[in-house]
Peer 1: 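Below is the structure I would like to discuss, written out as structure tokens.
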There are 2 protein chains.
Amino acid sequence: MSKRIYIADDDANIRFIIGSFLKNEGYQVEEFESGDALYERFLAVPCDLIILDIMMEGRDGLTICAKLRESHSVLIIIVSALDSELDRITGITLGSDDYLVKPFSPVELVARVKALFRRVDLDRKVVSADILVVGDMRINVKSRDCWIDQKKVDLTPTEFALLTYMFQHADQAVSRQQLLKHVWGVEWDADTRATDDILKRLRKKLVDSRVKVESVWGFGFRLAVENEHEKSEK
Amino acid sequence: MSKRIYIADDDANIRFIIGSFLKNEGYQVEEFESGDALYERFLAVPCDLIILDIMMEGRDGLTICAKLRESHSVLIIIVSALDSELDRITGITLGSDDYLVKPFSPVELVARVKALFRRVDLDRKVVSADILVVGDMRINVKSRDCWIDQKKVDLTPTEFALLTYMFQHADQAVSRQQLLKHVWGVEWDADTRATDDILKRLRKKLVDSRVKVESVWGFGFRLAVENEHEKSEK
DNA sequence: AACAACTGCCACAGATTTGCCTAGATTTGT
DNA sequence: ACAAATCTAGGCAAATCTGTGGCAGTTGTT
């Protein structure tokens, strides 16, 4: 299965060069002019690796990077023209898996990309993805328990199934139909607010977490990580 | 059961970076400003792995490392800004299991952590080809006997088979279906609570052990080791 | 044949879960 | 600003789940 890579850089030249090299290696590449465009696309169709320039208009790369990392474990390579140690640290802090300073050789980039994929493929073989992490929460599918940081949270069967599904679709808007189908196993058009009920109870148990179940008016719900930064913006 | 990791570094930035990455991998992470603080905490609640900066005020990392190693077999990764060969040798001699020189990439650290866990988990499995150990109990699959500490426990055939299966899936939630299939060899959807019955009897025989059969409401059961420390935290 | 051990089933009580209902708050569109 | 649609929160009762003790059928042993 070919890996999917997204690139965001406002310099069309760079995009093209990086893109060509990666396509040459057999990767499925999509290019974006801005981090926001990439983020949009990612929510619709997730990819395996992201290459982000941190110097872009709009929300900068680091913000996007942080946003992605709150609820997804996609690989991220940060690219920057700045070579200050500060930026290196900040970039890494926000969760990038690797960091490259411009100008860099495309060969170098390709090497890093391959190295990252090698690493995760190795992990996948040994450690199956039993543990799902979103923000400050994690659930272990095998042992069937759920944690907020260090605190264990007791969940009922339906709550657990629902939360697992939401974790797997973090940041995506999920419709009631979808939930009924995948969590309840109901295929027909059930006219029920059962989903709301479980979510209502789930919300109570998540008050201490930064992970929140938002409601998408007239549609369904979305799992989101409350962010200090955004909170102050509101 | 998720692994518990303690980090001691006087640089809050580094602590945060390392912490975030490890949390993202599903580990239970706690951060400490000094080696002494970590040591205190460790005595109260042991962990599986420790990441220590050796350049800290107070008792330095190496001393703590030696201290920890006197009586415990916890995994230790030493982190240092020094790149002298001398320090490397000393650190390893004093019992650390791995050694990283700053600046290092978080990715590298995560990889090493996983590698260490992989190694010890592998060891445990190999040793226990026909002797399974969980907490203060062990069962010998070949001689078909079972011990709590030094005391032998008599088990009936079904009890033994069931316990063996639970030992092989320690810390995991196991459904009744699963038990019926693997212990009884029943494939169809049996509506029976035979599993509950055997476990009921098994539980009585395990009262003196720290190993407990928990029930996972609406799902099945889970074998867990009752932990003094976690108990007190509740 | 008598006996003991093992195992599955039943019924019951207590606890937990869950869907629904209703009233009040919130959002949207005109 | 107002009406209609949608969401939230509390309470309730039916349904479900679990632990317990008792019981009976089967198996193997003396």
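Proteins come first, then strands; the chains are lettered A, B, ... in the order of their sequence lines, and each starts at number 1.
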Peer 1: Would Arg144(A) count as a cation-pi partner of Phe219(B), with NZ or CZ less than 6.0 Å from the six-membered ring centre and within 45° of the ring normal?
Peer 2: yes

Peer 1: So what does Val216(B) touch, heavy atoms closer than 4.0 Å: a base, only the sugar-phosphate, or nothing?
Peer 2: sugar-phosphate

Peer 1: dT17(C) phosphate, OP1 or OP2: any side-chain N/O from Thr158(A) under 4.0 angstrom?
Peer 2: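 For dT17(C), OP1/OP2 do not have a side-chain N/O of Thr158(A) under 4.0 Å.
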
Peer 1: Could you tell me how far apart Leu163(B) (CG) and dT7(C) (C1') are, to the nearest whole angstrom?
Peer 2: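 Distance check: Leu163(B) CG to dT7(C) C1' gives 17 Å.
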
Peer 1: Nearest whole angstrom, please: distance from the P of dT20(D) to the CG of Asp197(B).
Peer 2: 11 Å

Peer 1: Ignoring backbone atoms, test whether Thr156(B) places a side-chain nitrogen or oxygen under 4.0 Å from the OP1 or OP2 oxygen of dA5(C).
Peer 2: no

Peer 1: What is the separation between atom CG on Leu202(B) and atom C1' on dG19(D), rounded to the nearest whole Å?
Peer 2: 15 Å

Peer 1: Contact class for Arg193(B) (heavy atom, under 4.0 Å): base, sugar-phosphate, or nothing?
Peer 2: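 Base: the residue Arg193(B), judged by heavy atoms under 4.0 Å, touches a nucleobase.
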
Peer 1: Would you say dG19(C) has OP1 or OP2 under 4.0 Å from some side-chain N or O of Trp184(A)?
Peer 2: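 For Trp184(A), the contact criterion (side-chain N or O under 4.0 Å from OP1 or OP2 of dG19(C)) is met.
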
Peer 1: Is a donor-acceptor contact shorter than 3.5 angstrom present between the side chain of Lys200(B) and the base of dG8(C)?
Peer 2: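 Check fails, no donor-acceptor contact within cut-off.
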
Peer 1: Whole-Å distance between dC21(C) P and Asp196(A) CG?
Peer 2: 14 Å

Peer 1: Examine dG10(D): is either OP1 or OP2 under 4.0 Å from a nitrogen or oxygen in the side chain of Lys204(A)? Give yes or no.
Peer 2: yes

Peer 1: Between dC6(C) atom P and Asp154(B) atom CG, what is the distance in whole Å?
Peer 2: 8 Å

Peer 1: Verify whether one side chain among Ser34(B) and Asp36(B) offers a donor that lies under 3.5 Å from an acceptor in the other.
Peer 2: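 Looking only at side-chain atoms, Asp36(B) and Ser34(B) do not form any donor-acceptor pair under 3.5 Å.
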
Peer 1: Assuming nearest nucleotide by heavy-atom distance, tell me which of Pro157(B) and Trp217(A) is located more 5' along DNA chain C.
Peer 2: Pro157(B)

Peer 1: Arg176(A) CZ to dT8(D) C1': how many Å, rounded?
Peer 2: 11 Å

Peer 1: What I want to find out is whether Asp196(A) reaches Arg176(A) closely enough, with some N-O distance under 4.0 Å, to be called a salt bridge.
Peer 2: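 Yes, this pair counts.
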
Peer 1: Does Ser215(A) make a side-chain N or O approach to OP1 or OP2 of dT6(D) shorter than 4.0 Å?
Peer 2: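 It does not, given that no N or O in the side chain of Ser215(A) lies less than 4.0 Å from OP1 or OP2 of dT6(D).
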
Peer 1: Please verify the inter-ring angle class for His182(A) with Tyr165(A); under 30° counts as parallel, over 60° as perpendicular, anything in between as tilted.
Peer 2: parallel

Peer 1: Using a 4.0 Å heavy-atom cut-off, does Arg201(A) contact any base of the nucleic acid, only the sugar-phosphate backbone, or nothing at all?
Peer 2: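 Base contact.
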
Peer 1: Can you check the Ile198(A) CD1 to dT16(D) P distance for me, whole Å?
Peer 2: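 Checked: the CD1 to P distance equals 15 Å.
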
Peer 1: To the nearest angstrom, how far is Leu155(B) atom CG from dC6(C) atom P?
Peer 2: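 Checked: the CG to P distance equals 10 Å.
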
Peer 1: Does a side chain donor of either Asp171(B) or Ser143(A) reach within less than 3.5 Å of an acceptor in the other side chain?
Peer 2: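 No, no side-chain donor-acceptor pair sits under 3.5 Å.
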
